[in-house]
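Take a look at the structure set out below.
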Amino acid sequence: MSEEKPWPDSIRAGECEQHEPLVRRVLAPNPSPYTFTGTQTWIVGAGRDVAVIDPGPTGSGMSIGDPADINGVGHVDAILRAVEGQRVAAILCTHTHRDHSPAAAPLKEATGAPIIGCAPLALSDDGPRADSAFDPDYAPDRVLADGERISGDGWTIEAVATPGHTSNHLCFALVETGALFTGDHVMAWSTSVVSPPDGDMAAYMASLSKLYDREDRVYYPAHGPAVTKPRQLVRGMLGHRKQRERQILRELEKGTSVIPEMVKQMYKGLDPRLTGAAGRSVLAHLIDLENRGRVARDAESWRLVA
Ligand SMILES: [Zn+2]
């Protein structure tokens, strides 16, 4: 069944590549340290109708200094070319980061297909939670709860709730073939950014365990290569996060109390453009430890609870 192509990427942005009979991929033109070679839009279905998962970014990428302006030029047209002759039955979004969901609206306009999938984020304030990486305009026609299914010509997709990277994150299982579209929850090229307050480390770990208990054959993430040994990767990721937690506890023991200093000690050789994201993940671990009564804080300074 598997016809996976070799990696690194053999296709350019805008091209469509078949991965297995029911699954195609169109790469968006937004490579970056956060998106790897770009967002991958997955198209499911080989018959009369298809589902489009993570339609991707809009924006020109030309507003220098505006992290919300991710390059999505031509991506909706590329999706429309890929599905020519088929009806788009559903536009599915795993979550509402700006490299995943903004193209849902223009794709809906072009095809008339409903937007189905994750919930919009109910942001309770305009503070740090309304981080610029979120798409505030996402407006689904239908929200899928964990285990809910939609189907088309020869395909059935089931929502698998996986909060953690964001509170509204869903993976989508293709029931017929055992493929799981993992969005940003599990990727092979990088660990996921878990950025509080919307990102939640305890929820993320629980969502990893949830995938570990499943029997999926292959993962198709929103960024980077397909994962052909899913449970092995997930087990490694669970171990990696537990190791990070132990590192943080060790740093606190040594008297390191502020996050930038912990990042310096824990992430040797990190791409400097990613130090901010690493700091967010350390914060996510610290909040989890705080909730479990292991650490406490005074303003920016963290300590072990004796
Ligand atoms: Zn994301």
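On a predicted model such as this, the values are computed, not experimentally measured, just so you know. Each ligand, and each atom within it, is numbered from 1 in the order the structure gives. All values below were derived from every heavy atom in this structure, side-chain atoms included, with hydrogens, water molecules and symmetry-related copies excluded.
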Among N, O or S atoms, H97 approaches the Zn ion (ligand 1) most closely through ND1

State which residues pass ring-ring contact (aromatic ring centres under 6.0 Å, His included) with Y204; sequence neighbours excluded, sorted by chain then number. H185

Taking the ring of H97 and the ring of H169, is the distance between their centroids below 6.0 Å? no

Taking the basic N atoms (NZ, or NE/NH1/NH2) and the acidic carboxylate oxygens, is any pair closer than 4.0 Å for E251 and K254? yes

Can you tell me, to 10 degrees, how wide the angle at the Zn ion (ligand 1) is between OD2 on D184 and NE2 on H165? 100°

D146 with K210: basic N within carboxylate O range, under 4.0 Å: yes

Taking 2.8 Å as the cut-off, does H169 contribute an N, O or S atom near the Zn ion (ligand 1), distance below it? no

